[in-house]
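This report concerns only the one structure given below.
Remember, it's 1-based here, ligands and their atoms both numbered in the order they're listed. What you see below is based on every heavy atom in this structure, not just the backbone, and it leaves out hydrogens, waters and symmetry mates.
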Amino acid sequence: MRYFINDLSKYVGEQVELKGWVYNSRASKKIKFLQLRDGTGTLQCIFFKGECDESAFEKFNDLTQETSLKVTGVVREQPNKPGVFELGASNFEVIGSSVDYPITPKEHGIDFLMNHRHLWLRSKKQHAAIKVRAKLVTAIRDFFDGRGFTLTDAPIFTPNACEGTTDLFETKYFDEKAYLSQSGQLYMEATSAAFGKSYCFGPTFRAEKSKTRRHLIEFWMVEPEVAFNDIYDNMDLAEQFVEYIIQRTLKECPDELKTLERDITKLSVIKAPFPRIHYKEAVEIIKKENSDFVDGEDFGGADETILSSKHEKPVFIHHFPAAIKAFYMKEDEENPKYSMSCDLLATEGYGEIIGGGQREDSLEKLLSKINEHELSPDDFSWYTDLRKYGGHPSAGFGLGLERTVAWVCGLSHVRETIPFPRMYGRQYP
Ligand code: 4AD
Ligand code: MG
């Protein structure tokens with residue numbers, strides 16, 4: 001039978017065998033303490049001279065950080081800490097040695113840590129952030145699965161560009177060219193016409209030559225799409241969704257958030273509705289603090305921070321200029337200079353976590369946009385079919401998982417939000 005540290009409350013008073021790694025150890029003449037890490041938790045194992053195996057007591061001092069081992073003993077509750085367990089250890093056996101483990105309690109530079117990402121993941125804060133990520137993924141799936149959405153994952157190889165051609169990853173597809181997906185959205189428009197409400201959730205790729213704290217080359221995006229929704233339905237859905245995943249993570253990851261020293265009061269207020277600001281109004285707000293900002297342009301990170309600093313909740317910015325948005329955005333019929341787009345900016349300067357909007361449902365306008373953006377109408381003929389055969393309003397959005405993890409965990413860089421980040425200039429390990 002396998003026992004795991006996070007499960008030991010069931011086995012108080014029983015003899016168990018645990019397998020894990022040395023997290024820490026300290027010894028005195030009569031008593032030796034081992035912090036055992038098994039991935040599900042860490043456990044204090046106490047070896048008392050005279051009570052444990054004599055040779056185990058002798059060998060204890062040879063244990064080095066991250067040696068893997070098997071420890072046997074009896075589970076007990078710590079005397080002054082109800083709910084905290086320890087092991088009255090009787091013996092241990094080394095499974096794999098660990099000589100000169102590179103990550104020590106001293107400070108290491110970020111490059112060193114990134115080069116040792118495969119080991120760094122064992123450290124407490126890294127472990128906590130990836131646990132939060134995993135919980136967010138479950139919450140994301142539960143939200144959509146519980147609301148009648150059908151999971152319809154999009155292909156990774158695509159013949160068409162969704163989010164502009166500048167950051168496409170090109171690859172060979174036998175005798176043809178293909179691109180790695182930048183977004184599953186266009187496919188979700190097809191599947192939402194088949195299923196009503198659909199979503200995809202997977203890796204997306206953008207060859208962005210920028211080294212910022214918000215950009216990864218490979219990142220995960222969840223993209224819901226709802227047939228007949230307009231931009232306002234879309235914002236309603238997005239705010240309910242963000243409230244759900246944040247509140248659920250707060251409830252289910254208290255230990256991880258504590259390890260990460262996250263100020264959770266900043267997250268507990270994340271409840272719908274969220275403020276909604278038209279692009280025009282956002283420009284006025286930004287100009288008061290950044291006189292260089294040019295009306296009609298996209299926001300920089302600092303501009304987003306100006307906007308979000310006014311609110312304790314995330315804020316929607318909607319109706320961005322059509323000129324800075326993708327070809328598929330519906331134009332604002334009241335003022336075609338603007339588009340029916342909406343982004344959500346997270347709090348505390350974490351910036352854009354959601355991009356989305358209402359799709360252009362006029363075949364004629366869509367075709368002229370495809371031309372304007374110098375895209376090939378042939379590559380998109382399947383997409384324009386969606387307008388030909390029972391066309392309809394449609395809206396959806398994409399939430400970037402890593403930026404959301406960074407926000408929830410209070411991490412300053414997305415590189416710590418995914419097990420093995422792919423960044424500009426780094427694809428090792
Ligand atoms: O705003 P974006 O480009 O929107 C789309 O791709 C739409 N097609 C989605 C849709 O409507 N179905 O990207 C959506 C989100 C951003 O808000 C951001 O959170 C994340 O994806 N994102 C990135 N995250 C990490 N690294 C990058 N390079 C990212 N680019 C976008
Ligand atoms: Mg965007």
Which ligand 1 atoms, with their elements, are less than 4.0 angstrom from a heavy-atom of E223?
-> 8 (N), 9 (C), 10 (C), 12 (N)
Would you say the side chain of Q35 lies within less than 4.5 Å of the side chain of L43, judging by non-hydrogen atoms?
-> no
Determine the interplanar angle of the W382 and Y187 rings, folded into 0 to 90°, and report it as parallel if under 30°, tilted if 30 to 60°, perpendicular if over 60°.
-> parallel
Looking only at protein heavy atoms, what sits closest to atom 3 (O) of ligand 1 is R206 NH1, 2.8 Å
among protein heavy atoms, the one nearest atom 1 (O) of ligand 1 is E352 OE2, 3.0 Å
Provide, to 0.1 Å, the distance between atom 4 (O) of ligand 1 and the closest protein heavy atom, together with that atom's residue and name.
-> G355 O, 4.0 Å
How close does the nearest protein non-hydrogen atom get to atom 18 (C) of ligand 1, and which residue and atom is it?
-> R403 NH1, 3.5 Å
Report yes or no: does D343 have an N/O/S atom closer than 2.8 Å to the Mg ion (ligand 2)?
-> no
Under 4.0 Å from a heavy atom of G356: give me the atoms of ligand 1 that qualify, with their elements.
-> 11 (O)
Just checking, K325 and F320: is the charged tip under 6.0 Å from the six-membered ring centre and within 45° of the axis?
-> yes
Nearest-neighbour protein heavy atom for atom 15 (C) of ligand 1, which is reported as residue plus atom name and distance = G398 O, 3.7 Å
Enter the distance from L345:CG to L307:CG here, rounded to the nearest 0.5 Å.
-> 6.0 Å
F397 contact mode with ligand 1 (heavy-atom cut-off under 4.0 Å) | backbone
In E352, the N, O or S atom nearest to the Mg ion (ligand 2) is which?
-> OE2
Any N or O of I353 that comes nearer than 3.5 Å to an N or O of ligand 1?
-> yes
Quick check: does H215 get an N/O under 3.5 Å from an N/O on ligand 1?
-> no
Working to the nearest 0.5 Å, report the span between CG of L69 and CZ of F92.
-> 6.5 Å
Does the side chain of T67 come under 3.5 Å of the side chain of T64 through a donor N or O and an acceptor N or O?
-> yes
For N24 and R37, test the side chains for any donor-to-acceptor distance below 3.5 angstrom and give the result as yes or no.
-> no
Atoms of ligand 1 less than 4.0 Å from E208 heavy atoms?
-> 27 (C), 28 (N)
Looking only at protein heavy atoms, what sits closest to atom 5 (C) of ligand 1 is E163 OE2, 3.4 Å
The one among T212, T417, L216 that brings a heavy atom closest to atom 26 (N) of ligand 1 | L216
Minimum heavy-atom distance between Y23 and R122, given as atom pair plus value | CE1-O, 4.2 Å
Region of M221 engaging ligand 1 - heavy atom pairs below 4.0 Å = side chain
Enumerated ligand 1 atoms positioned under 4.0 Å from heavy atoms of R359 = 10 (C), 11 (O), 12 (N)
Against heavy atoms of Y328, which atoms of ligand 1 measure under 4.0 Å?
-> 7 (C), 8 (N)
Angle class for the F293/Y279 ring planes (parallel below 30°, perpendicular above 60°, tilted otherwise)?
-> tilted
Identity and separation of the nearest protein heavy atom to atom 23 (C) of ligand 1 | F219 CE1, 3.4 Å
Within the distance-only criterion (no hydrogens, no angle test), does the side chain of R147 pair as donor or acceptor with the backbone N or O of K197 below 3.5 angstrom?
-> no
Name the closest protein heavy atom to atom 25 (C) of ligand 1, giving the residue it belongs to and the distance to 0.1 Å.
-> R214 O, 3.4 Å
Please name the pair of heavy atoms, one in E402 and one in T417, separated by the smallest distance, quoted to 0.1 Å.
-> CB-OG1, 3.1 Å
Numbering as shown, the atoms of ligand 1 that approach I354 to under 4.0 Å (heavy-atom distance) = 17 (O)
Between OH of Y350 and CZ of R213, what distance do you get to the nearest 0.5 Å?
-> 7.0 Å
Exam field: side chain R117 to backbone P421, donor-acceptor pair closer than 3.5 Å = no
